[in-house]
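Small disclaimer: the values here were computed from a predicted structure and weren't measured.
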Amino acid sequence: MCGICGIIDFTNSGGISSDVLNAMVTTLKHRGPDYQDSWTEGPVGMAHARLSIIDLTPKGRQPMISSDGRFVIVCNDEIYNVQDIRRELGALDVKFRGHSDTEVALEALARWKEKALVRFNGIFALAIWDRAKQELILARDRYGVKPLYYARTGNGLIFGSEIKAILATQQVRPSINVQALHEFAYFGSGLGANTMFEGINKLLPGHWIKLRDNKEHEETFWELNLEQNVSDDLDGATDKVRFLLEQAVKRQLVSDVPIGIFLSGGIDSSCVTAFASKHYSGKIRTYSVGFDFQKGVNELPTARRVAAYYGTEHHELHISGGSLPSIIESLIHHHDEPFSDAANIPLYLLCKELGGDPSVVLQGDGGDEVFAGYRRYVLINQARFWELLSLFRFIFSPVIFKDQATQRLRRVLDAFATKDWGLRMALLLTQDTSHKSFVDLISTSWRQRLRENDPFTRYHDMANLFANFDGVQKMLFTDVKILLPDRYFEKVDRPTMAFGIESRVPLLDNELTDYVFGLPSSMKLRKGEKKFLMKRALRNIVPNDILNGPKNGFGVPYSSWLRGPLAAYSKEVLMHACSGPDPVLDRGKVSRCLSDHQTGGTLQNGYILWKAMNFALWQQYYL
């Protein structure tokens, strides 16, 4: 993939500074180490950092100008149905200079404008300038796999694949977005369009923005299927899903460089490996990893069996956590925001070990959200039972809610105690409760500011959007709209692109997901069995011990680290954040939380302190 950035300033008749563009694109060089270039004309300047995947020749370089000379594009994209679109454009007498998918996307947009976006089966973030209309369009793929940020200025707009490119212009003064801070307090990241920087926004997945004469217009080019219009019975759906899974993986094997697979040995990555090994020309490489901080769950033996079953060229990596502070600080730099999902650490270490070889990997991300792979879907399917049990939570509270495991039960009961579906879904997705939260560490003045914002707004919006669906479908669709773009793809994009590795997600193929989203939840979850339809489709393709095995989550032991190797470091970082005028964190509350965590006990403060430390580091480096 690549990095893109640019500036439009409608009052600048002298042209955009090449020095500023170079400063912007330099911040994205890790995303595109192969080639960087820029283009300016009148009020607009755009730059591109290239990771060469398809068409390795100079004909694939960007910024790229359309065959008629009217449009200029910078694009971070992989379009998997590119040959179909290319043939259609060829029938319209379009002449191509190379074979990159960016050129096809450019010519499609030149002819079909925004309507071309819905035709792209792939992942992308792009900016295209219409030289005739003096108009800029930004667009992002339907699931938000690829990031795109922008900031409005008085005279125009600045955009980039990462926030650091926008900050490099020195036209945005960093300050805290209070709404994003409140969302971070509960979910570990800002939600929707919000970033931790006031004035810097994420372009929402499936959206495009048009800017002309300094007037902004935003629209949705794709939305989830709100009509349950698939009439296939279970056998028909099973056959269709099997076919679509295979086609999705096959489509994403197109590359002019070698491809690998991150293989955990779970259902999703095993599914990808099964079909990739069948269609890849040559022996596909698979990678599994073990860490010195990994306790209990060890995916290496299972992944080894799966690799042997499909005859892949398998590689096992054994990685040390090394210097934790430097790793955490590097990830703050790559995310540009505080980010509390510690699973980015093992992925970062794996990608660092690979060093960009291979430069393309397939992963199983999205399978849980599409096919109902999480326990919360089972809980929602049993909502009546949990609603009744929640009525007694205050009676049992002093007796049973004494340790970490029973605190999880408390969160579940709190979620099912409310009839508000937005709040219910939000509470099922946070570790924080009204009894124990990162908000507890925030100073009085900042807590007052937080009270003016609702951290669950995005979940309320989704509850309204999906009001006519059953509870399981509500949660599935909400996870696709929030959990995937705001947490999981952030977690995947930054560690992989930090080392110039493109991550592809075949389980979010357009044709596959369009079909599955149109099926009733009873096909995805049946009698408490998660991923029922997916498992049925993969019988005799993926080994039964994989399909029937337990779901093993990978836990990063940050709570133990904060008691051991990170104890002194975290205290220093947090105490520093509590100093100065109007600090966000309260020194006394943070000190007590640190002390309580060090003394152990049954109710640990690890997840709260991990959030606090990530926030404190971000504040130290960026504000």
Side-chain angles (χ1 to χ4, degrees), residues 78-81 84 121-123 141-143 145 224-225 230 232-255 259-281 284 286 303 306-307 309-312 360-374 377 476-477 479-480 484 488 492 503-526 529-549 551:
E78 290 296 338
I79 310 297
Y80 306 119
N81 61 336
D84 296 335
N121 187 348
I123 52 180
D141 67 71
R142 55 164 66 182
Y143 297 120
V145 179
L224 276 166
N225 180 8
V230 177
D232 292 344
D233 61 13
L234 181 58
D235 288 337
T238 300
D239 292 340
K240 183 74 169 180
V241 165
R242 184 184 303 113
F243 171 78
L244 291 173
L245 281 169
E246 182 167 1
Q247 293 305 304
V249 176
K250 182 180 179 181
R251 256 194 293 273
Q252 298 200 18
L253 293 174
V254 176
S255 174
I259 293 178
I261 300 172
F262 286 167
L263 176 61
S264 68
I267 294 174
D268 298 333
S269 64
S270 297
C271 166
V272 172
T273 302
F275 293 124
S277 62
K278 178 179 178 181
H279 293 286
Y280 190 66
S281 62
I284 197 161
T286 51
V306 173
Y309 187 84
Y310 297 112
T312 71
V360 179
V361 295
L362 305 186
Q363 295 194 183
D365 294 278
D368 289 319
E369 294 78 10
V370 173
F371 289 101
Y374 295 123
Y377 306 132
L476 284 165
F477 294 166
D479 282 345
V480 168
L484 283 179
Y488 287 168
V492 171
S503 175
R504 298 180 178 179
V505 283
L507 298 186
L508 288 171
D509 172 84
N510 289 9
E511 292 184 17
L512 171 64
T513 53
D514 283 346
Y515 179 79
V516 176
F517 290 151
L519 293 170
S521 63
S522 59
M523 285 193 183
K524 305 164 197 175
L525 179 71
R526 181 160 295 192
E529 183 178 358
K530 302 185 292 291
K531 289 186 175 174
F532 175 78
L533 180 61
M534 186 183 193
K535 292 176 183 178
R536 203 169 190 265
L538 293 173
R539 292 291 175 195
N540 302 317
I541 295 172
V542 170
N544 283 339
D545 66 314
I546 302 299
L547 295 178
N548 300 329
K551 181 177 178 62

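Ala248 and Pro506 get closest at one heavy-atom pair: CB-O, 3.4 Å. Here the shortest heavy-atom pairing between Thr273 and Thr312 reads CG2-CG2, 3.8 Å. Of all the heavy atoms in Ala274 and Val542, the pair that sits closest is CB-CG2, 4.4 Å. When all heavy atoms of Asn225 and Gly518 are compared, the closest pair comes out as ND2-CA, 3.6 Å. Of all heavy-atom pairs between Asp233 and Met523, the closest is C-CE, 3.7 Å. Shortest non-hydrogen contact noted between Ser255 and Val360 is OG-CG2, 4.1 Å.
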(message) Quick one, Asp365 with Leu508, criterion side chain to side chain contact (heavy atoms under 4.5 Å, CB included). Give me CA distance, side-chain angles, the key distance, then yes/no.
(response) CA-CA 8 Å; Asp365 294 278; Leu508 288 171; 5.7 Å; no
(request) Any chance you could lay out the side chain to side chain contact (heavy atoms under 4.5 Å, CB included) test for Arg251 and Asn121, step after step, and finish with the verdict? (result) CA-CA 10 Å; Arg251 256 194 293 273; Asn121 187 348; 3.6 Å; yes
(request) Determine, stepwise, if the pair Phe532 / Thr238 fulfils side chain to side chain contact (heavy atoms under 4.5 Å, CB included). (result) CA-CA 10 Å; Phe532 175 78; Thr238 300; over 6 Å; no
(request) Walk me through it: do Ser270 and Tyr309 pass the test side-chain hydrogen bond (donor to acceptor under 3.5 Å, both in side chains)? (result) CA-CA 10 Å; Ser270 297; Tyr309 187 84; over 6 Å; no
(message) Using side chain to side chain contact (heavy atoms under 4.5 Å, CB included), reason through Leu533 and Leu234 one step at a time and then give a plain yes or no.
(response) CA-CA 8 Å; Leu533 180 61; Leu234 181 58; 4.1 Å; yes
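With a 4.5 Å cut-off on side-chain heavy atoms, Gln363 and Val272 do not count as touching. Side-chain contact between Val306 and Leu263 is present, with heavy atoms from C-beta onward closer than 4.5 Å. The shortest distance between side-chain heavy atoms of Leu253 and Leu362 falls below 4.5 Å. Looking only at side-chain heavy atoms (C-beta outward), Tyr515 and Val241 come within less than 4.5 Å of each other. By the 4.5 Å heavy-atom criterion applied to side chains, Val249 and His279 are not counted as neighbours.
Once rounded to the nearest 0.5 Å, the distance linking CG of Leu245 with SG of Cys271 reads 4.5 Å. The CD1 atom of Ile546 lies 11.5 Å from the CG atom of Asp268; values are rounded to the nearest 0.5 Å. Summarising the geometry, atom OG belonging to Ser503 is positioned 7.0 Å from atom CD1 belonging to Ile123; distances are rounded to the nearest 0.5 Å. Remark: Gln247 CD to Phe275 CZ distance equals 9.5 Å, nearest 0.5 Å. The NZ atom of Lys531 sits 9.5 Å away from atom CG of Leu538, with the distance rounded to the nearest 0.5 Å. Considering CG of Asp141 and CD of Glu78, their distance stands at 11.5 Å, rounded to 0.5 Å.
In summary, Arg536 and Asp235 engage in a salt bridge, as defined by a charged side-chain N under 4.0 Å from a carboxylate O. Salt bridge Asp368/Lys530: absent, no basic N to carboxylate O contact under 4.0 Å. Between Lys240 and Asp232, none of the side-chain N atoms (NZ, or NE/NH1/NH2) sits under 4.0 Å from a carboxylate O, so this pair counts as no salt bridge. Looking at Asp509 and Arg504, no side-chain N of the basic residue comes within less than 4.0 Å of a carboxylate O on the acidic one, giving no salt bridge.
Residue Asn540 qualifies as open at atom CG: its count of foreign heavy atoms under 6.0 Å is 12 or below.
Between the Tyr280 side chain and the Ile259 main chain, a donor and an acceptor come within less than 3.5 Å of each other. Distance alone, capped at 3.5 Å, places no donor-acceptor pair between the Asp479 side chain and the Glu369 backbone. Between the side chain of Lys524 and the backbone N or O of Val516 there is at least one donor-acceptor pair closer than 3.5 Å. Within the 3.5 Å criterion, the main-chain N or O of Asp84 finds no donor-acceptor partner in the side chain of Asn81. Between the side chain of Thr286 and the main chain of Ala307, no donor-acceptor pair closer than 3.5 Å is present.
The aromatic rings of Tyr143 and Phe517 lie perpendicular to each other, with more than 60° between the two planes, well past the 30° mark.
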